[in-house]
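Keep in mind the model is a prediction, meaning the values are calculated, not measured.
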Protein chains: 2
Amino acid sequence: MAANILVVDDEQSIADLIEVYLKNENYDVYKFYNGWDALQCIENQNIDLAILDVMLPDIDGFSVCQKIRERHNFPIIMLTAKDEEIDKITGLTLGADDYVTKPFQPLELVARVKAQLRRFTRYNSPEPLREEKVIAFAGLVLNKDTHECTLNEKPLSLTPTEFSILWVLASNRGRVVSSEELFREVWGDKYYTNSNNTVMVHIRHLREKMGDNAEHPKYIKTVWGVGYKIEK
Amino acid sequence: MAANILVVDDEQSIADLIEVYLKNENYDVYKFYNGWDALQCIENQNIDLAILDVMLPDIDGFSVCQKIRERHNFPIIMLTAKDEEIDKITGLTLGADDYVTKPFQPLELVARVKAQLRRFTRYNSPEPLREEKVIAFAGLVLNKDTHECTLNEKPLSLTPTEFSILWVLASNRGRVVSSEELFREVWGDKYYTNSNNTVMVHIRHLREKMGDNAEHPKYIKTVWGVGYKIEK
DNA sequence: TAAAATTCTTAAGATTATCTTAAGGCAGCC
DNA sequence: GGCTGCCTTAAGATAATCTTAAGAATTTTA
């Protein structure tokens, strides 16, 4: 599910914007403001999809696109200004898989990224896209089927609720999950009441079992006024 | 919240089972035992989500899925036998949003239905889409959901109030926002009293965290006698 | 240039959110 | 029924944030 996405745009604010939206969907983002740096990255990282602005300071996006296609096969989405009618066609014929005109709705771009990844993985891997059954990172291993959990090889015996909370946090790691969202995910929408500290208490138990404390947590961090978060 | 859900499965007992669980969650269920009847229903009813078995007596679920996608955009969850041919399962990802293998836990299916409906309404509700969730410019990135904020890639830890103030200024950048307006936006109209320097103090904290000073501010500028402003 | 107005800075007390602890309730098992 | 383990609730403790106020600094006005 997690994929490495290359973003190339010389307008920093736009690249930043795209980055946030993609990270919010748990993609790993490699961001560059010019073409050559991006091309170099491609050789070192295992990129799954590229988003390229047509207008770049050094070499234009079409050339970057072409160069990528000489050696790689992943989907490419081009960003073009609205009035570059002819360029669109050019871009597409040069190996781009989709294009989006500026200004764009970030969510639309995200949707297209997903679509391309779906299409690409369908043609390139026999494995179906499925929901994760195991999450492993930073010494923590969670198995959704068995509810088993180990931290640095040592088993943690978590209660069902604790496991569910940790699972939600772990599968959303890198972003903040509000207490309310956590509650809805674990207990279900209809049980939600906005005055109880149940989640908090379970977080406390989790931290205890994980050897964490609230002041300097290694795993579950408190984001004041917003919720909880596990770093990526 | 109540949604119309289409259930298509030739095994009557399974379709019935799903129906019971969905109705228990207050969903309206449209239940069919074959593909064609289901397709016909879709044109007449305003369906919000479909659950399709792959094995159907007349046309297979995969084709039904395709046909739905020709005209509709709602989420589709596929039901597949556990030992289904891999390429078939792979094919399912064409247009389907999720799938569940038989035998399944009814509650898991219900959970996935909820998840898909949540996801779908998030991306399709016309209004919230207009409100930006992320603002990015000049190296500053603000995420309204998580209250995360980075300045030149480095995270700033802002308090809730600080974040809100910065958000208002950033989303109005290029124009001056008066202290009073700022207060009303952040705290709400009813708390406003025309003598307090609360806003000022928070601005001070913001500037501190952003490495700004009042005399030569890079970000939050004071417009004497009027208010504060972030340049476009 | 002096006075007035506005903004800045600082720190301390008030407030609010979160944390911690412990007790009671409920379900499953012997 | 009694035991066990888990979940929830509540209440006090702690920590983070917010507000206030007062004096300093700055800009404007006269």
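At whole-Å resolution of the value, NE2 in His205(A) and P in dG5(D) are 15 Å apart. As rounded to whole Å, 16 Å separates atom C1' of dA13(D) from atom CG of Asn213(A). Regarding Glu208(A), its CD atom lies at a distance of 7 Å from the P atom of dT21(C), rounded to whole Å. When rounded to the nearest whole Å, the span between CD of Glu180(B) and P of dT6(C) equals 14 Å. Atom C1' of nucleotide dT20(C) and atom CZ of Arg207(A) are separated by 11 Å, given to the nearest angstrom. Ile220(A) places its CD1 atom 12 Å from the P atom of dT20(C), with the value rounded to the nearest Å. As rounded to whole Å, 17 Å separates atom P of dC18(D) from atom CE of Met200(B). Rounded to an integer number of Å, the gap from CG of Leu206(B) to P of dT17(D) is 13 Å.
Proximity note for Trp224(B) (side chain, C-beta onward) versus dC8(C), dA5(C), dT19(D): the nearest is dA5(C).
The phosphate of dT8(D) (OP1 or OP2) has a side-chain N or O of His202(A) nearer than 4.0 angstrom. Between dC7(D) and Thr159(A), a contact under 4.0 Å exists linking OP1 or OP2 to a side-chain N or O. Trp187(B) has no side-chain polar atom (N or O) that falls below the 4.0 Å cut-off from OP1 or OP2 of dC18(D). Under 4.0 angstrom from either OP1 or OP2 of dT7(C) there lies no side-chain N or O belonging to Arg204(B). Residue Tyr228(A) has a polar side-chain atom (N or O) positioned under 4.0 Å from OP1 or OP2 of dC19(C). Side-chain nitrogen and oxygen atoms of Thr222(A) include at least one within less than 4.0 Å of the OP1 or OP2 phosphate oxygen of dC19(C).
In this structure, Asn46(A) and Asn4(A) approach most closely via the heavy-atom pair O-ND2, 2.9 Å. The two atoms that bring Pro155(A) and Thr150(A) nearest to each other are CA-CG2, 3.9 Å, heavy atoms only.
As judged by a 4.0 angstrom heavy-atom cut-off over every strand, Phe163(B) is placed among residues making no nucleic acid contact. Thr198(A) comes within 4.0 angstrom of a nucleotide base, judged by non-hydrogen atoms across all strands.
Annotation: of the two residues near DNA chain D, Val201(A) and Lys209(A), the 5′-most nearest-nucleotide partner is Lys209(A).
Asn197(B) contributes no side-chain N or O that forms a donor-acceptor pair with the base of dT10(C) under 3.5 Å.
Figure legend: Arg207(A) and Tyr219(A) shown without cation-pi pairing, the cationic atom not lying both under 6.0 angstrom from the six-membered ring centre and within 45 degrees of its axis.
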Could you please spell out the steps behind the salt bridge (Lys or Arg N to Asp or Glu O under 4.0 Å) verdict for Asp28(A) and Lys23(A)? CA-CA 6 Å; Asp28(A) 292 320; Lys23(A) 283 196 168 161; over 6 Å; no
Passes salt bridge (Lys or Arg N to Asp or Glu O under 4.0 Å), Glu231(B) versus Arg175(B)? Steps please. CA-CA 8 Å; Glu231(B) 293 294 350; Arg175(B) 84 174 180 88; over 6 Å; no
